Structure formats: C-alpha cells, structure tokens
Amino acid sequence: MTDRLQVGDVINNLKTDVPQMLNDNVALAKAELQPAAKHAGVGSGMFGTAGYFAMNALSLLFLSGAFALSLLFNAVVGLGVLLSLIIGFAAMAIICLLIAGLLALVGKKQFEQIKKPEATIAEFQSTVQALGAAVKQGREAVNGNTLARAAVKHARRAL
C-alpha cells in the first residue's frame with residue numbers, strides 16, 4: 001500500500017507543481033521580455049524616423065538637381081538668382097541627412113540594449129530537468145511496485 005501512496009503522491013505533486021512551474025516561467029518571461037520589447041519599439045521608431053528624413057533629403061537633393069539643370073539652361077541667359085535656391089535646397093538636404101544619421105545612431109543604441117531572456121531560458125531548462133527527474137522517479141516507483149507485487153504473488157504461490 002505504501003508504494004501506491006508514493007506513486008499517488010508523485011502524481012499529485014506533478015499535477016500541482018507542473019502548472020505552477022509553467023505559470024512562474026510565463027511570468028518570468030513577461031517580466032524579462034517587456035524591457036526588451038520597449039527598447040525594440042523605440043529603436044524601430046528611431047530607424048523609421050531616420051528613414052523618413054533620409055527620404056526627404058533625397059527628395060530635396062532631386063529638387064536641387066532639377067534647379068541645377070535649370071541654372072545650366074538659364075546660364076546662357078545670365079540669371080544668377082537660382083544659384084541661391086540651389087544652395088538653400090542642398091543645405092536643407094544636408095541638414096535632413098544629419099538628423100537621419102543622428103536618429104539612426106540613437107536607434108542603434110536602443111537595439112544594442114536588447115538582451116536575450118537568460119533567466120527565463122535557465123528557469124525553463126531547470127524545469128525540464130525537474131520534470132524529467134520526476135518522471136524517472138515515477139517510473140522507478142511503478143517498476144518497484146510491479147516487482148513487489150510479483151514477489152508477493154510468487155510468495156503466495158510458494159505457500
């Protein structure tokens with residue numbers, strides 16, 4: 001009877017401990033991944049904004065090129081007003097590229113702060129090992145119980 005109680009205890013412990021361990025692992029994963037998700041979101045926003053400014057800079061560079069061609073065509077006529085427009089557009093494009101570069105650097109630093117959930121991984125591995133040990137203990141208890149029953153049957157037959 002005591003062997004059956006031990007197997008029953010092991011099974012009851014598994015029924016209560018396994019869900020608790022899994023809930024604890026999920027809570028640990030949430031606590032560990034939330035800061036990483038925040039940094040990933042901020043970094044993604046910075047990269048997206050940097051891309052926006054880079055696209056504006058390219059648009060301004062295209063406009064500067066268009067004004068440069070206009071200057072070339074109007075050089076024959078002798079108009080010098082467009083030169084100041086070209087320089088203004090080019091300067092604005094350079095400013096946008098500098099802003100994009102600064103935002104990309106800030107975004108890169110945010111991505112570098114993302115770390116893998118080491119505690120969650122370690123806890124999960126220890127949970128798997130504990131479950132494996134519990135299953136092994138349960139099998140040994142069942143095998144021991146089976147051997148004990150066989151011994152009792154053999155002893156009864158011998159009597």
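None of these values were measured; they are calculated from a predicted model.
- Rounding to the nearest 0.5 angstrom, the gap separating the CE atom in Met21 from the CG atom in Asp24 is 9.0 Å.
- Between the CD atom in Gln20 and the OG1 atom in Thr127 there is a gap of 11.0 Å [rounded to 0.5 Å].
- Pairing each heavy atom of Ala104 with each of Ala50, the nearest pair is N-CB, 4.0 Å.
- Heavy atoms only, all atoms of each residue included: Ala36 and Lys115 are closest at CB-O, 4.2 Å.
- The environment of Tyr52 atom OH is sparse: at most 12 non-hydrogen atoms of other residues, nucleotides or ligands sit within 6.0 angstrom.
- One hydrophobic cluster holds both Phe53 and Met46 under the rule that ILVMFWY side chains link at heavy-atom gaps under 4.5 Å.
- The two residues Thr120 and Ala29 come nearest to each other via the heavy atoms OG1-CA, 3.3 Å.
- For the side chain to side chain donor-acceptor pair (under 3.5 Å) condition, the pairs that include at least one residue of residues 103-114, sequence neighbours left out, are His39-Gln110, His39-Gln113.
- A donor-acceptor pair is defined here as one N or O able to donate and one able to accept, closer than 3.5 Å; no such pair exists between the side chain of Glu123 and the backbone of Leu28.
- For the atom pair Ile94 CD1 and Leu60 CG, the distance stands at 11.0 Å (nearest 0.5 Å).
- Between atom CG of residue Asn56 and atom CG of residue Leu63 there is a gap of 10.5 Å, rounded to the nearest 0.5 Å.
- Phe47 and Ile114 fall within a single hydrophobic cluster, where Ile, Leu, Val, Met, Phe, Trp and Tyr are joined by side-chain heavy atoms under 4.5 Å apart, directly or via other members.
- At a threshold of 4.5 Å between side-chain heavy atoms, the hydrophobic network of Ile, Leu, Val, Met, Phe, Trp and Tyr places Leu103 and Leu58 in two separate groups.
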